[in-house]
Structure formats: structure tokens, C-alpha cells
Visitor: 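Here it is, the structure in full.
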Amino acid sequence: MKKNLTNAFLILLAFAVFTSCKKDEYETIQIVKMISAKEMRAMPTGLTRATPAKKTGKIYIYKDYLFINEPNEGIHIYNNINPNAPVNMAFLKIPGNVDLAIHNNILYADNFIDLLAFDLSNINNITLVKRVTDVFSQFNNPGIEKYIYTYKDTVVKKQTYKREMQYVAFSTSSSQAGSGQGGSMARFTLMNDYLYTVGTSNLNLFNVKTASDPTFLKTISLGWGVETIFPYDNKLFIGTNRGMHIFGASDPANPVQLSTYSHIFACDPVVVQGKYAYVTLRTGNLCRQASNQLEVVDIEDPTKPKQIAVYPMQNPHGLSTSGDYLFLCEGSYGIKSFNIRDNTKISDNMLQHLNNIKSFDVIAGPKSLIVTGEDGIYQFNYSNAANLRQLSLIKNQF
């Protein structure tokens, strides 16, 4: 038990997030608590009434629906057939959830150390169809009896110092046939009837040929510092804080590492279009001693990736491409759009800079540009990338 308490304290130090509250003399911190796996699986899970999000995490679009993760709480479901007026339909309560991906009407989501599969065939009556146990280990304290680290927001008096550290979460990525589309901060993704998830040091594979019956296959060790995953052209591009791994997945059940593109220590989302990968590196939080920049990497030969350009940025986070355009979130500095027809002149071809939105991730979807902001989810008409026009804001309830 002493070892468990020590581990819990260390986790608290590593993952505590300090944020300002409405009253200047108070702040919110996350307090860690250990529970058994049995207690975790007894927590209520399932569809409840619609409610506004207090925080927004990962975003995912599937058909005419927008799914918004509220970290550690569950998923808000919006009818987004009209991006000018999205309708809050329901909340899917999933304790410990920070990720999702959808394939053939089945939603996959993490529930602490378990993978859950929900049937979306009737969006008004979403049902749990399978639980795959003990497949995620990030918050698991191994031993004879499994313990799970949980987190609860607690309002306290402000301290005399201020510290902020990043909570390492999961995410979803690019679209495949029969699947949805997510942001660039990806730790869940789908390709060729397989679900791939990355932890901080590994790649997990699930067979989802029968969508309602996901089957865990194996884990591949990747080394520490894994952050994101992006699928493209039968390949997996895995961002780490020291570079980008490229895996060939022509045999989707047996991905093979083709190469590693290395860079300085930095937080590292990546997206791919055509023969180029776009990588953002930023300072701050857990990404100390890094640079703020956008790198363009030629991956025409995936066994020999080579950098062709580097552009200074302010504090780049998530990004998304659409045709000749790149949309890049700059954290506290807003969101930018670029023409990328000539990858050697991207900095000369910035089209617009909206500096009034604190942005973290973005999806260039079929109907709108969806941006995760500090105060909620923004949607823009981006038919003219030089003149983004706001359509709506799903505002967080602080």
C-alpha cells in the first residue's frame, strides 16, 4: 500500500493541472485517487441527457454528427447537419474517457484501462456491445490486484506559485471508408478494418472486421515519448517527442517500421497529404527545450524521410490540410491558414491569422472547419481559406 501511495503522489505531481477559476483567489487542481479495477468497472456508463461540456477534449465527426470528448467524463453528441446551429442531443457517460474512433456505426472509446464498443445504429438508444479488458496501461498500477488512477477537479485556494503541466491524453485521426474523421492530436485511428491506438510507449492493434466485436491482437513497443498517430496510404505516421516513426501497414495486422525521422525534443503532432508530412514542434508544458516551428518532410520514399523546409511559428499545436491549404492552431496566438501549393514558400503564403481564439486542434471537415478552442468548439466556413467565416460556437459551461 505504501508503494501504491507513493506512485499516486508521483502521478499527482506529473499530471496535476492548475487552471484559474472565476474568483481570482481560487484555482482548480486535479486530485488523484486510486480505485480497484472492479470498482472502475462498476461505475455508471451509458447514454444520459444532453448537457453542456465544462471542458472540451478530442473532437470527431461521423456522418452528420459531431462527437466532443469531455476529458475523463465521456462524450457529448451533437447533430451537426447544420454547422450554423449544432443541436446537443445526448451525453455518453464514460468515466476515464479521453479518446474515441468510429467504424461502421460502432464507437470505440477508452474507459481507463478497458476498450468499450458502443452501437450507434439507433443514435437515441446507444448500447454497449463489448468491453475489452486490460488493454491500456497508462493509468494502471500493476500488481496482484489492479489499481486505477482516477482524477477529480477540486477548487482550492491559490498557491504562491503557478505551474502548468500537460495531461497526456489520447485522440483520433484521419478518415477511412466507413469511419469518421478526427483531429491531429491522434492516439486512436482506424485503417483497413483495424483499430490502432498508441500509449506513451507502445502501439496496440485491434481487429475490427466485425465492428461490434473488436479483438485485441498485440502490442508493439515504440519507446518512450509517443504522442500521436496518423494513417495515410497504408502507412502509420507516429509522432513522438523526438521524431516521427513511419510504419508500413500493407499487412494491417503486422505493421513494420520503415524509418524514423528525428528532430529536437518537442511536442509533435503530424498530418500527411500526398508525398509530404507536416510536423509541428512547440515549446511549453512537457515540451521543454524545444523550438516553435512547422517542418515539412518529404516522405515519397518512406524508408528515407527528408526535411525540405522549416518555418518559425509562435506555439503550434494541431493542424489539418485540405487540398492546397493548411490550417494550423497556434495555441494562445490564434489559428492560421496557409497556401501550401509550394511547400518551400509556406511562410510567404499565410492567408489569414485569427488571433482572438486560443486554439488547440482542428479538423477540415466536409461541411466546416472545426476548431477546439479554450472556451469551446468553433465552426467556420472555409470555402475561402483567406476569409474564414465563423458559423457557430459550442460554448463550454465553466
Visitor: Taking atom types as modelled, find out whether Asn72 and Lys55 have a side-chain donor-acceptor pair closer than 3.5 angstrom.
Guide: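 No, no side-chain donor-acceptor contact under 3.5 Å.
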Visitor: Output the distance between atom CD (Gln397) and atom CG (Asp375), rounded to the nearest 0.5 Å.
Guide: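 One finds 13.5 Å between CD of Gln397 and CG of Asp375.
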Visitor: Go through the side-chain N and O atoms of Asn315 and Asn292 and say whether any donor and acceptor fall under 3.5 Å apart.
Guide: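 Asn292 and Asn315 do have a side-chain donor-acceptor pair below 3.5 Å.
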Visitor: Kindly check if the number of other-residue, nucleotide or ligand heavy atoms within 6.0 Å of CD (Glu374) is above 12?
Guide: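 Result for CD/Glu374: open.
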Visitor: Closest approach of Pro269 and His317, non-hydrogen atoms and distance?
Guide: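 Of all heavy-atom pairs spanning Pro269 and His317, the closest is CG-O, 3.2 Å.
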Visitor: When you compare the side chains of Asn105 and Asp119, does any donor N or O come within less than 3.5 Å of an acceptor on the partner?
Guide: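 The answer is no; no qualifying pair exists.
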Visitor: So Asp301 and Lys306, side-chain contact (heavy atoms from CB on, under 4.5 Å) or not? Walk me through it.
Guide: CA-CA 9 Å; Asp301 181 351; Lys306 56 184 179 181; over 6 Å; no
Visitor: For the backbone of Pro302 and the side chain of Ser259, can you confirm whether one donor and one acceptor N or O come within less than 3.5 Å of each other?
Guide: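 Here the side-chain-to-backbone pair exists.
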Visitor: Do we see a donor-acceptor contact under 3.5 Å between the side chains of Asp193 and Asn207?
Guide: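 Their side chains do not contain a donor-acceptor pair, so the 3.5 Å distance test is not met.
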Visitor: Do Met40 and Asp114 make a side-chain contact, defined as non-hydrogen atoms from C-beta onward lying under 4.5 Å apart?
Guide: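 Of all side-chain heavy-atom pairs linking Asp114 with Met40, at least one is under 4.5 Å.
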Visitor: Quick check: does any side chain N or O of His353 sit under 3.5 Å from a backbone N or O of Tyr333, one acting as donor and the other as acceptor?
Guide: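 At least one qualifying donor-acceptor pair exists.
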Visitor: Are side-chain N/O atoms of Asn80 and Gln379 paired as donor and acceptor at under 3.5 Å?
Guide: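 Judged by distance alone, the side chains do pair up.
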Visitor: Do the side chains of Ile246 and Leu236 get nearer than 4.5 Å, heavy atoms only?
Guide: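 No - every pair of side-chain heavy atoms lies 4.5 Å or more apart.
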Visitor: Does some side-chain heavy atom of Ile340 sit less than 4.5 Å from a side-chain heavy atom of Tyr276?
Guide: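 They are not in side-chain contact.
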Visitor: Is the backbone N or O of Ser36 less than 3.5 Å from a side-chain atom of Glu39, with the two atoms forming a donor-acceptor pair by type?
Guide: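 Yes: the side chain of Glu39 pairs with the backbone of Ser36.
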Visitor: Under 3.5 Å, is there a donor-acceptor pair between the side chain of Ser368 and the main chain of Ile370?
Guide: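 It does not hold such a pair.
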Visitor: Set out, in order, the CA-CA distance, both residues' side-chain angles and the distance that settles side-chain contact (heavy atoms from CB on, under 4.5 Å) for Val296 and Val310, then state yes or no.
Guide: CA-CA 6 Å; Val296 183; Val310 178; over 6 Å; no
Visitor: Report whether Val297 and Phe230 are members of the same hydrophobic cluster (ILVMFWY, side-chain heavy atoms less than 4.5 Å apart, transitive linking).
Guide: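 Yes, Val297 and Phe230 fall within the same hydrophobic cluster.
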Visitor: So does Glu330 pair up with Lys336, basic N to acidic O under 4.0 Å?
Guide: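 A salt bridge is present here (some side-chain N lies under 4.0 Å from a carboxylate O).
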Visitor: Does Asp110 pair with Arg187 as a salt bridge, N-O distance under 4.0 Å?
Guide: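 Salt bridge: no.
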Visitor: Which heavy-atom pair separates Tyr194 from Ala253 by the least distance, and what is that distance?
Guide: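 For Tyr194 and Ala253, the tightest heavy-atom pair comes out as OH-CB, 3.6 Å.
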Visitor: Is there side-chain contact between Val208 and Thr210, with heavy atoms separated by less than 4.5 Å?
Guide: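 Side-chain contact under 4.5 Å: no.
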Visitor: Let me check something: do Leu391 and Ile394 share a hydrophobic cluster, defined by ILVMFWY side-chain heavy atoms less than 4.5 Å apart, either directly or through other members?
Guide: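 No, no single cluster joins them.
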Visitor: Any chance you could lay out the side-chain contact (heavy atoms from CB on, under 4.5 Å) test for Val256 and Phe247, step after step, and finish with the verdict?
Guide: CA-CA 5 Å; Val256 177; Phe247 276 74; 5.5 Å; no
Visitor: Under 6.0 Å between ring centres: does that hold for Phe216 and Phe206?
Guide: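 Yes, they do, as the ring centres are separated by less than 6.0 Å.
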Visitor: Not counting sequence neighbours, which residues clear salt bridge (Lys or Arg N to Asp or Glu O under 4.0 Å) with Asp324? List them please.
Guide: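 With sequence neighbours excluded, Asp324 shows a salt bridge (Lys or Arg N to Asp or Glu O under 4.0 Å) to Arg341, given in chain and number order.
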Visitor: Given a cutoff of under 4.5 Å between side-chain heavy atoms of I, L, V, M, F, W and Y, with clusters grown through shared members, what are the other residues clustered with Tyr382?
Guide: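 Besides Tyr382, the cluster holds Tyr325, Phe327, Ile335, Leu351, Leu354, Ile357, Val362, Leu369, Val371, Tyr378, Phe380, Leu388, Leu393.
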Visitor: Ignoring hydrogens and geometry, is there a side-chain-to-backbone donor-acceptor pair from Asn349 to Lys345 under 3.5 Å?
Guide: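 Answer holds: yes.
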Visitor: Does a donor on one side chain and an acceptor on the other come within less than 3.5 Å for Glu295 and Tyr311?
Guide: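 Result is no, nothing qualifies.
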Visitor: Looking only at non-hydrogen atoms, find the nearest pair between Ile113 and Arg41 and report the distance.
Guide: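 Heavy-atom minimum between the residues: CD1-NH2, 3.8 Å.
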Visitor: Any chance you could measure Ile68, atom CD1, to Ile77, atom CD1, to the nearest 0.5 Å?
Guide: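 Separation between the atoms: 10.5 Å.
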Visitor: Would you say the side-chain atoms of Thr48 pair up with the backbone N or O of Phe91, donor to acceptor, closer than 3.5 Å?
Guide: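 Present.
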Visitor: Quick check on the hydrophobic clustering: are Val98 and Phe360 connected, directly or via other members, by side-chain heavy-atom contacts under 4.5 Å?
Guide: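 Shared cluster, no.
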Visitor: What verdict does the side chain to side chain donor-acceptor pair (under 3.5 Å) test give for Asn384 and Arg389, after you've listed the backbone C-alpha separation in whole Å, the side-chain angles of each residue and the deciding distance to 0.1 Å?
Guide: CA-CA 9 Å; Asn384 180 355; Arg389 181 169 57 85; over 6 Å; no
Visitor: Can you check whether Gly180's main-chain N or O pairs, donor with acceptor, with Tyr60's side chain at less than 3.5 Å?
Guide: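 Flag set: sc Tyr60 to bb Gly180 pair under 3.5 Å.
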Visitor: Does NZ in Lys218 sit with more than 12 non-hydrogen atoms of other residues, nucleotides or ligands closer than 6.0 Å?
Guide: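 Yes - once you tally the heavy atoms of other residues, nucleotides and ligands closer than 6.0 Å, there are more than 12.
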Visitor: Can you list the residues that meet the salt bridge (Lys or Arg N to Asp or Glu O under 4.0 Å) rule with Lys235, with sequence neighbours excluded?
Guide: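 Lys235 satisfies salt bridge (Lys or Arg N to Asp or Glu O under 4.0 Å) with Asp233 only.
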Visitor: Which atom pair, heavy atoms only, marks the closest approach of Asn88 to Ala50?
Guide: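 Minimum heavy-atom separation between Asn88 and Ala50: OD1-CB, 3.5 Å.
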Visitor: Restricting to non-hydrogen atoms, name the atom on Thr344 and the atom on Asp342 that form the minimum distance, rounded to 0.1 Å.
Guide: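 So the two residues come closest at OG1-OD1, 2.6 Å.
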Visitor: Please round to the nearest 0.5 Å and tell me the distance separating atom OH of Tyr65 and atom CZ of Phe67.
Guide: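 Taking OH in Tyr65 and CZ in Phe67, the distance rounds to 8.0 Å.
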Visitor: With a 4.5 Å limit on heavy-atom distance, are the side chains of Asn82 and Lys367 in contact?
Guide: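 The answer is no; the side chains never approach within 4.5 Å.
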Visitor: To the nearest 0.5 Å, tell me how far Leu258 CG sits from Thr303 OG1.
Guide: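 Going from the CG atom of Leu258 to the OG1 atom of Thr303 covers 7.0 Å.
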Visitor: Can you confirm whether Leu319 sits close enough to Tyr278 that some side-chain heavy atom of one is under 4.5 Å from a side-chain heavy atom of the other?
Guide: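 A side-chain contact under 4.5 Å exists here.
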Visitor: So, Thr219 versus Asn204: side-chain donor-acceptor pair below 3.5 Å or not?
Guide: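 There is such a pair between these side chains.
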Visitor: Show the nearest heavy-atom pair for residues Pro305 and Tyr261, with the distance to one decimal.
Guide: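 It is CG-CB, 3.9 Å.
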Visitor: Side chain of Ser392, backbone of Ala85: donor and acceptor closer than 3.5 Å?
Guide: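 Pair absent, no side-chain N/O of Ser392 close to backbone of Ala85.
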Visitor: Group every Ile, Leu, Val, Met, Phe, Trp and Tyr by side-chain heavy-atom contacts under 4.5 Å, then state whether Ile346 and Val279 land in the same group.
Guide: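 Ile346 and Val279: one cluster.
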Visitor: Test Phe118 against Val129 for side-chain contact (heavy atoms from CB on, under 4.5 Å), laying out the working first.
Guide: CA-CA 6 Å; Phe118 293 89; Val129 292; over 6 Å; no
Visitor: How long is the span from the CZ atom in Arg131 to the CG atom in Asp134, to the nearest 0.5 Å?
Guide: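 It comes to 10.0 Å.
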Visitor: Treat each ILVMFWY residue as a node, draw an edge where side-chain heavy atoms are under 4.5 Å apart, and state whether Leu195 and Phe136 are in one component.
Guide: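 Yes, same cluster.
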Visitor: State, with a plain yes or no, whether a side-chain heavy atom of Gln181 is found less than 4.5 Å away from one of Pro366.
Guide: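 Heavy-atom side-chain distance check passes, below 4.5 Å.
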Visitor: To the nearest 0.5 Å, what is the distance between CG (Leu294) and CZ (Phe338)?
Guide: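 Separation between the atoms: 7.0 Å.
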Visitor: Is it the case that over 12 heavy atoms from other parts of the model lie below 6.0 angstrom from the CD1 atom of Ile81?
Guide: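 12 or below, so no.
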Visitor: Short question: side chain of Ser337, backbone of Gln352 - any donor-acceptor pair under 3.5 Å?
Guide: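 Such a contact is found between Ser337 side chain and Gln352 backbone.
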Visitor: Give a yes or no on whether the backbone of Thr51 and the side-chain of His76 come within a donor-acceptor separation of less than 3.5 Å.
Guide: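 Yes.
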Visitor: Do Pro86 and Asn79 have side chains that get closer than 4.5 Å, going by heavy atoms?
Guide: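 SC-SC contact between Pro86 and Asn79 ruled out.
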